Amino acid sequence: MFLEGKHALITGSTSGIGLAIARALRAEGAEIILNGLGEADEIAKLQEELGARFNGANLLDADAIENMMAEIGPVDILVNNAGMQHVSPVEDFPVDKWNAIIALNLTAAFHTSRLAVPGMKASGWGRIINTASAHSLTASPFKSAYNASKHAIAGFTKTIALELAQSGVTANCISPGYVWTPLIEGQIPDTMAARGLSREEVINDVLLAKQPNKKFVQPEEVGALAVFLCREEAGNVTGANWSIDGGWTAE
Ligand code: NAD
């Protein structure tokens, strides 16, 4: 339980990858602060499971982020994970969607980081882990805002890694390919019906078309990588972008 006594804020941790990271950090003893949207009773259950605090700040709102960071106090581990997607040709891309994606996937991480760094520097130890994406390293059409935000968060991460290099604080990205979540599982029957394909064809030729090992990343695998980045042995690992994508970005 090497994270006992460490306080970890994981944004977007009411579901998916963020929740898996919260569970993995909790299993090593960290005090968890959950953040995200969702039903109050489901969030209460997660709080009970993880013995966690919760702050429901809407990360599209800079003032709400300021209030959250003031309320929760210093954090030792900051995981900027909340993110959203919209798929559209650039000429039709809704301006409000562009602004929201940049605000959530990029600007929110700037605000949480600038507010968390003074406490980390003061204690001489900190971990900033940003959930980027394979789309921080490569692009797919119709995802202009998402790809721009994810490339940008990778650049932001490298920059603060350099600024913090002598402070005991590391900053890294984790860049998953397709991660197996209930959202993806739920798309399979509709895609089978819409395209007249078998379950295997939908998985291999549609969902995993770009993932050479033809396997989904599991959320728990992302959690395990986040735990590694918090270890003392990872103290010299900073400014890196960790692909966990079955070989997608090796092509
Ligand atoms: P998800 O939709 O399951 O979770 C997103 C989380 O962000 C939820 O907790 C949600 O409540 C929260 N959130 C959304 N809008 C918010 C807001 N305005 N304020 C506060 N919280 C908000 O998604 P996920 O698949 O777990 O994705 C998590 C991260 O991983 C994202 O940054 C995403 O881009 C990245 N990612 C996902 C995949 C994948 O295949 N699922 C692949 C690569 C990268």
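First listed ligand is number 1; within each ligand, the first listed atom is number 1. Note that the structure is predicted; figures quoted are calculated from it, not measured.
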Transitive ILVMFWY side-chain link Leu78 to Ile21, under 4.5 Å: no
With a sphere of 6.0 Å drawn around NZ of Lys214, does it hold more than 12 non-hydrogen atoms of other residues, nucleotides or ligands?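 More than 12 within 6.0 Å, yes.
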side-chain contact (heavy atoms from CB on, under 4.5 Å) between Leu34 and Leu46, worked out: CA-CA 9 Å; Leu34 297 169; Leu46 293 177; 4.0 Å; yes
Salt bridge (Lys or Arg N to Asp or Glu O under 4.0 Å): which pairs involve residues 34-50, sequence neighbours left out?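 Pairs touching residues 34-50 that pass the test: Arg23-Glu49.
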Going by the angle between their ring planes, with limits at 30° and 60°, are Phe216 and Tyr178 parallel, tilted or perpendicular? perpendicular
For ligand 1, protein residues within the heavy-atom limit of under 4.0 Å are Gly12, Ser13, Thr14, Ser15, Gly16, Ile17, Asn35, Gly36, Leu37, Ala57, Asn58, Leu59, Leu60, Asn81, Ala82, Gly83, Leu104, Thr131, Ala132, Ser133, Tyr146, Lys150, Pro176, Gly177, Tyr178, Val179
Distance-only polar pair, side chains of Asp245 and Thr249, donor-acceptor under 3.5 Å: yes
